[in-house]
*Asks:* 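First, the structure itself, so that you have it in front of you.
Below, each value reflects all heavy atoms present in this structure, side chains not excepted, and no hydrogens, waters or symmetry copies. Since we're looking at a predicted model, the values are computed, not measured.
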Amino acid sequence: MNPSKRFYSRAPANLMLMGEHAVVHGHPALACAIDQWIQIEWQCLPKSTQVQIHSDLAHHTTDWQTWEIHPQLQFVQAALATARQTLQPQKIGLKLTIQSEFASTLGLGS
(Lines give C-alpha, C1' and ligand atoms only; values in the text may rest on other atoms or scores of the structure.)
Protein backbone atom coordinates (compact mmCIF):
# COMPACT_ATOMS: atom_id res chain seq x y z
CA MET A 1 0.00 0.00 0.00
CA ASN A 2 1.35 3.40 -0.96
CA PRO A 3 1.05 5.67 2.13
CA SER A 4 1.38 8.80 0.02
CA LYS A 5 -1.70 7.84 -2.02
CA ARG A 6 -4.57 10.24 -1.44
CA PHE A 7 -8.20 9.95 -2.42
CA TYR A 8 -10.73 12.74 -2.81
CA SER A 9 -14.49 12.76 -2.41
CA ARG A 10 -16.50 15.80 -3.42
CA ALA A 11 -20.22 16.54 -3.19
CA PRO A 12 -22.36 19.63 -3.79
CA ALA A 13 -24.45 21.28 -1.12
CA ASN A 14 -28.17 20.88 -1.59
CA LEU A 15 -31.31 22.63 -0.54
CA MET A 16 -35.02 21.99 -0.63
CA LEU A 17 -36.93 24.27 -2.98
CA MET A 18 -40.34 23.04 -1.82
CA GLY A 19 -41.64 20.59 0.72
CA GLU A 20 -39.15 21.30 3.49
CA HIS A 21 -41.71 20.53 6.20
CA ALA A 22 -43.52 17.88 4.16
CA VAL A 23 -40.60 15.45 4.49
CA VAL A 24 -41.09 15.43 8.26
CA HIS A 25 -44.46 13.76 7.60
CA GLY A 26 -43.14 11.31 4.99
CA HIS A 27 -44.07 13.33 1.90
CA PRO A 28 -41.73 14.17 -0.99
CA ALA A 29 -39.86 17.42 -1.45
CA LEU A 30 -38.12 19.06 -4.36
CA ALA A 31 -34.37 19.31 -3.74
CA CYS A 32 -31.54 20.64 -5.88
CA ALA A 33 -27.76 20.87 -5.77
CA ILE A 34 -26.09 24.28 -5.55
CA ASP A 35 -22.62 25.38 -6.59
CA GLN A 36 -21.00 25.11 -3.16
CA TRP A 37 -19.02 22.00 -2.34
CA ILE A 38 -17.68 19.87 0.46
CA GLN A 39 -14.50 17.89 -0.20
CA ILE A 40 -12.82 15.16 1.82
CA GLU A 41 -9.21 14.17 1.30
CA TRP A 42 -8.58 10.59 2.49
CA GLN A 43 -5.15 9.18 3.23
CA CYS A 44 -4.46 5.69 4.55
CA LEU A 45 -1.96 5.35 7.39
CA PRO A 46 -0.47 1.85 7.01
CA LYS A 47 0.63 0.01 10.15
CA SER A 48 -1.33 2.45 12.27
CA THR A 49 -4.61 2.40 14.15
CA GLN A 50 -4.74 6.18 14.38
CA VAL A 51 -7.64 8.17 12.94
CA GLN A 52 -7.05 11.88 12.34
CA ILE A 53 -9.92 14.17 11.38
CA HIS A 54 -9.24 17.79 10.43
CA SER A 55 -12.04 20.24 9.64
CA ASP A 56 -13.20 23.75 10.44
CA LEU A 57 -15.46 22.22 13.11
CA ALA A 58 -12.66 20.47 15.01
CA HIS A 59 -9.34 18.66 14.86
CA HIS A 60 -9.48 15.26 16.51
CA THR A 61 -7.14 12.29 16.78
CA THR A 62 -8.27 8.94 18.14
CA ASP A 63 -7.61 5.32 17.25
CA TRP A 64 -9.70 2.36 16.17
CA GLN A 65 -9.43 0.66 19.60
CA THR A 66 -10.45 3.47 21.96
CA TRP A 67 -12.63 5.32 19.40
CA GLU A 68 -13.15 8.50 21.39
CA ILE A 69 -16.07 10.47 19.95
CA HIS A 70 -15.63 14.21 19.45
CA PRO A 71 -18.92 16.09 19.98
CA GLN A 72 -18.46 18.22 16.85
CA LEU A 73 -17.54 15.24 14.66
CA GLN A 74 -20.10 12.62 15.70
CA PHE A 75 -21.60 12.49 12.20
CA VAL A 76 -18.19 11.89 10.61
CA GLN A 77 -17.29 9.18 13.10
CA ALA A 78 -20.68 7.50 12.62
CA ALA A 79 -19.97 7.40 8.88
CA LEU A 80 -16.58 5.81 9.59
CA ALA A 81 -18.09 2.98 11.66
CA THR A 82 -18.16 0.62 8.67
CA ALA A 83 -14.58 1.44 7.74
CA ARG A 84 -13.57 0.81 11.33
CA GLN A 85 -14.76 -2.82 11.14
CA THR A 86 -12.60 -3.40 8.07
CA LEU A 87 -9.51 -1.30 8.77
CA GLN A 88 -8.98 -1.91 12.48
CA PRO A 89 -8.01 -5.61 12.12
CA GLN A 90 -5.69 -4.74 9.22
CA LYS A 91 -3.97 -1.97 11.22
CA ILE A 92 -4.72 0.71 8.65
CA GLY A 93 -5.39 4.17 10.04
CA LEU A 94 -6.94 7.14 8.29
CA LYS A 95 -6.27 10.81 7.93
CA LEU A 96 -9.27 12.87 6.78
CA THR A 97 -9.18 16.52 5.84
CA ILE A 98 -12.63 18.03 5.33
CA GLN A 99 -13.03 21.35 3.52
CA SER A 100 -16.42 22.95 3.01
CA GLU A 101 -17.43 26.03 1.03
CA PHE A 102 -20.49 26.46 3.29
CA ALA A 103 -21.02 26.65 7.04
CA SER A 104 -22.36 23.60 8.85
CA THR A 105 -25.02 25.78 10.48
CA LEU A 106 -26.73 26.55 7.15
CA GLY A 107 -28.11 23.09 6.49
CA LEU A 108 -27.46 22.73 2.75
CA GLY A 109 -26.98 19.00 3.14
CA SER A 110 -23.99 19.63 5.38
Side-chain angles (χ1 to χ4, degrees):
M1 178 180 306
N2 182 348
S4 62
K5 183 87 172 166
R6 291 186 168 93
F7 301 91
Y8 296 90
S9 301
R10 189 170 184 237
N14 64 75
L15 55 85
M16 289 189 205
L17 296 176
M18 291 184 267
E20 183 175 324
H21 296 285
V23 296
V24 176
H25 302 288
H27 300 289
L30 181 59
C32 70
I34 61 173
D35 193 22
Q36 291 187 0
W37 296 81
I38 188 166
Q39 177 175 292
I40 302 175
E41 177 184 329
W42 308 76
Q43 183 176 10
C44 291
L45 303 173
K47 299 181 183 171
S48 174
T49 59
Q50 195 173 71
V51 179
Q52 303 170 12
I53 305 169
H54 305 281
S55 79
D56 287 341
L57 294 178
H59 297 279
H60 181 59
T61 299
T62 187
D63 61 64
W64 294 127
Q65 284 84 17
T66 59
W67 201 242
E68 297 170 8
I69 303 292
H70 189 285
Q72 296 296 319
L73 300 170
Q74 291 178 33
F75 61 98
V76 176
Q77 289 182 270
L80 290 174
T82 303
R84 180 182 181 198
Q85 294 173 2
T86 302
L87 298 177
Q88 180 178 356
Q90 297 181 46
K91 297 200 182 321
I92 300 172
L94 282 178
K95 178 180 178 182
L96 304 178
T97 304
I98 304 167
Q99 296 177 315
S100 179
E101 295 177 358
F102 50 91
S104 64
T105 56
L106 295 179
L108 300 180
S110 60

*Asks:* May I have the step-by-step check of side-chain contact (heavy atoms from CB on, under 4.5 Å) for I40 and V76, ending in yes or no?
*Replies:* CA-CA 11 Å; I40 302 175; V76 176; over 6 Å; no
*Asks:* Over all heavy atoms of both residues, which pair between P89 and Q85 is shortest? Give the atoms and the distance, please.
*Replies:*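 Nearest pair, atom of P89 first, then Q85: CD-O, 3.3 Å.
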*Asks:* Which heavy atom of F102 sits nearest to which heavy atom of A13, and what is that distance?
*Replies:*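 Closest heavy-atom pair between F102 and A13: CE2-CB, 3.3 Å.
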*Asks:* Might you work through the side-chain contact (heavy atoms from CB on, under 4.5 Å) test for E101 and Q39, ending with a clear yes or no?
*Replies:* CA-CA 9 Å; E101 295 177 358; Q39 177 175 292; over 6 Å; no
*Asks:* Just by distance, with hydrogens left out, do E41 and Q43 show a side-chain donor and acceptor under 3.5 Å apart?
*Replies:* no
*Asks:* Are M16 and I34 grouped together when hydrophobic residues (ILVMFWY) are joined by side-chain heavy atoms under 4.5 angstrom apart?
*Replies:* no
*Asks:* Measure the CD1-NE2 distance between I53 and H59 for me, rounded to the nearest 0.5 Å.
*Replies:*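 These two atoms lie 11.5 Å from each other.
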*Asks:* Would you call C32 and L15 a side-chain contact if the rule is heavy atoms closer than 4.5 Å?
*Replies:* yes
*Asks:* To the nearest 0.5 Å, how far apart are OG1 in T49 and CD1 in I92?
*Replies:* 11.5 Å
*Asks:* When Q77 is tested against each of H60, E68, R84 for side-chain contact (heavy atoms from CB on, under 4.5 Å), which residue passes?
*Replies:*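 Among H60, E68, R84, the one meeting side-chain contact (heavy atoms from CB on, under 4.5 Å) with Q77 is H60.
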*Asks:* Please tell me whether W42 and W64 are part of a single hydrophobic cluster in this structure, the criterion being side-chain heavy atoms less than 4.5 Å apart.
*Replies:*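 Per the 4.5 Å side-chain linkage, W42 and W64 are co-clustered.
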*Asks:* Which value, rounded to the nearest 0.5 Å, describes the distance between L94 atom CG and Q52 atom CD?
*Replies:* 9.5 Å
*Asks:* Would K47 and K91 count as a side-chain contact (heavy atoms from CB on, under 4.5 Å) here? Give the steps.
*Replies:* CA-CA 5 Å; K47 299 181 183 171; K91 297 200 182 321; 5.7 Å; no
*Asks:* Surrounding CG of D63 (heavy atoms of other residues, nucleotides or ligands, distance under 6.0 Å), is the total greater than 12?
*Replies:* yes
*Asks:* Roughly how far apart are L80 CG and L73 CG, rounded to 0.5 Å?
*Replies:* 10.0 Å
*Asks:* Spell out, as yes or no, whether a donor-acceptor pair under 3.5 Å connects the side chain of Q50 to the backbone of G93.
*Replies:*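 Side chain of Q50 to backbone of G93, a donor-acceptor pair under 3.5 Å: no, none is there.
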*Asks:* In residues 17-25, what donor-acceptor pairs under 3.5 Å come from side-chain atoms, sequence neighbours left out?
*Replies:*
none

*Asks:* Can you name the nearest heavy-atom pair linking L57 to Q72, along with the distance?
*Replies:*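 Shortest heavy-atom contact: CD1-O, 3.7 Å.
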*Asks:* Once rounded to the nearest 0.5 Å, what's the spacing between atom OH of Y8 and atom OG1 of T97?
*Replies:*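 Reported to 0.5 Å precision, the distance equals 8.5 Å.
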